[in-house]
Number of protein chains: 2
Amino acid sequence: MTAATPKGERRRQALVEAAAGLLVDGGFDAIRHRAVAERAGLPLASTTYYFDSLDELVTAALEFQGNAELAYGKARLDELDPAECGGDAFVELVLDLLLGPSGNRDAEAVLLRYERLVATGRRPYLRPLMRRMSGELHSLLFDIFARAGQPVSRERVEELIALVDGAVVNALIEISPDPRAAARRMLGKAMQPR
Amino acid sequence: MTAATPKGERRRQALVEAAAGLLVDGGFDAIRHRAVAERAGLPLASTTYYFDSLDELVTAALEFQGNAELAYGKARLDELDPAECGGDAFVELVLDLLLGPSGNRDAEAVLLRYERLVATGRRPYLRPLMRRMSGELHSLLFDIFARAGQPVSRERVEELIALVDGAVVNALIEISPDPRAAARRMLGKAMQPR
DNA sequence: AAATTTGTGGTACGTGAGTACAAGAATGGG
DNA sequence: CCCATTCTTGTACTCACGTACCACAAATTT
């Protein structure tokens, strides 16, 4: 159900944000009616009033989080100074877009981005949303490469994303996972001038 | 707990196989005491008798499944005829090792291999096992490339694996996921003679 | 053969979850 | 001011799950 009153809309939004927070901290399984309500400081029943099912709440949380990440990416694109796109700095920029800002407690925060992809395998209802966000991310990267004076084809963007994603999922099984370092290594090598 | 009697050992093994089956069909969350017992045709309490905790059962199931996959890979290596390693056939061979034999109901079966990687992020107790299996898989691929007359460095193996893994996780969000096709495309391009 | 270990399985407890419900409060238009 | 719609929330029902328990059977050891 959708809210019809301003206050209702605010409450609904508070629930979405709480759910998104839980999503980041604990993954999809952490989004539960009771946990969301508590985190938002609202009663349990408010979650079932504004969302017909838990899936709907999960979808809203994912959309909120995804949009936040895309907004961050767009901001980085806007403030991009082509002069400061030396090799290493540019690699870090791309990693920021794909994995989130560095300084995130890493393995933890990166994990969610990949749980999302894989979870979509068993939750088909997330696919349309994930497709949209993935498409926007690709476009964003495409623009960033162009803006940085290193234009690439869309196909090449897909390759680089795949390389980073693969490096990350394989890094997750290390004793002390450092997925960003693994991705940096692969990406740095792939982007080296030939 | 470990079994001490031959019959006990058989029962324990039946539980592990049942759990592995559930793992393949429904992912980690599908491994539950009751489901495992029912699938094995044994009483509920047998699961707690042979395994101190559910984690132990999950670990055993994963190990069983992983070993089966590695055995399949070794068999493919043994029967490898270097003469039949034309480009396309060889790509398919590599995909068979990384994604499982073609003909698997694809998106379904491939999914587990990536759930494992990501799940390890939130289940540290799986890491040692995953590391071991991942290492063996890398070695296997290294040997296969050499045997096929296309030797590559271990670093290059890692790159190709990352490329395939990244292609797969990104393919999972499609409306009708075909991760194998996506991986085939990327891998084929990356392995093209330069 | 007795004793001890090992295996077996029915049952039940406690917990946490999704969801339903109904009674009450707030809101806004006539 | 009233009334209908919208919102709010405490409570409770049902279910599935992990796990513990215990009486008993089978096997193994002494």
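Just so you know, these numbers use all the heavy atoms, side chains as well, and skip hydrogens, waters and symmetry mates. In the text below, chain A, chain B and the rest are named by the order of the sequence lines, each starting its count at 1. Computed from a predicted structure; not experimentally measured.
Within 4.0 Å of Leu42(A), counting heavy atoms only, lies no atom of the nucleic acid at all. Within the 4.0 angstrom heavy-atom criterion, no nucleotide atom of any strand lies near Ser46(B).
Comment: Arg180(B) engages Asp96(B) in a salt bridge, judged by a side-chain N to carboxylate O separation of less than 4.0 angstrom. Note on Arg154(B) versus Glu158(B): no salt bridge recorded, every NZ/NE/NH1/NH2 to OD/OE distance being 4.0 Å or above. We find that Arg185(B) and Glu159(A) are not joined by a salt bridge, their nearest charged nitrogen and carboxylate oxygen being 4.0 Å or further apart. Between Asp29(B) and Arg123(B) there is a salt bridge, with a side-chain nitrogen of the basic residue lying less than 4.0 Å from a carboxylate oxygen of the acidic one. In summary, Arg39(A) and Asp25(A) engage in a salt bridge, as defined by a charged side-chain N under 4.0 Å from a carboxylate O.
Atom CD in Glu56(A) sits roughly 14 Å away from atom C1' in dG18(C) (whole-Å rounding). Atom CD in Glu9(B) sits about 9 Å away from atom P in dG7(C), given to the nearest Å. In this entry the distance linking CG of Leu15(B) with C1' of dG7(C) reads 13 Å, nearest Å. Distance CG (Leu54(B)) to P (dA20(D)): 12 Å, rounded to an integer number of Å. As a whole-Å value, the separation of Arg12(A) CZ from dT9(D) P is 17 Å. For Glu38(B) and dG9(C), the CD to P distance is 15 Å, given to the nearest whole Å. Rounding to whole angstrom units, CD1 of residue Ile31(A) and P of dA17(C) are separated by 13 Å. Computed from coordinates, the Leu44(B) CG to dC17(D) C1' distance equals 10 Å when rounded to whole Å.
Nearest to the side-chain atoms of Tyr49(B) among the listed nucleotides dG18(C), dG18(D), dT8(C) stands dT8(C). Considering only the side chain of Ala45(A), dC21(C) comes nearest among dC21(C), dG10(C), dT6(D).
For the OP1/OP2 pair of dC17(D) and a distance below 4.0 Å, the side-chain nitrogens and oxygens of His33(B) include no atom meeting the criterion. Between Arg11(A) and the phosphate of dT8(D), there is a side-chain N or O to OP1/OP2 separation shorter than 4.0 Å. Distances shorter than 4.0 Å separate some side-chain N or O of Tyr50(B) from OP1 or OP2 on dT8(C). OP1 or OP2 of dC17(D) sits under 4.0 Å from a side-chain N or O of Arg32(B).
Between the base of dG18(D) and the side chain of Arg34(B) there is a donor-acceptor pair shorter than 3.5 Å.
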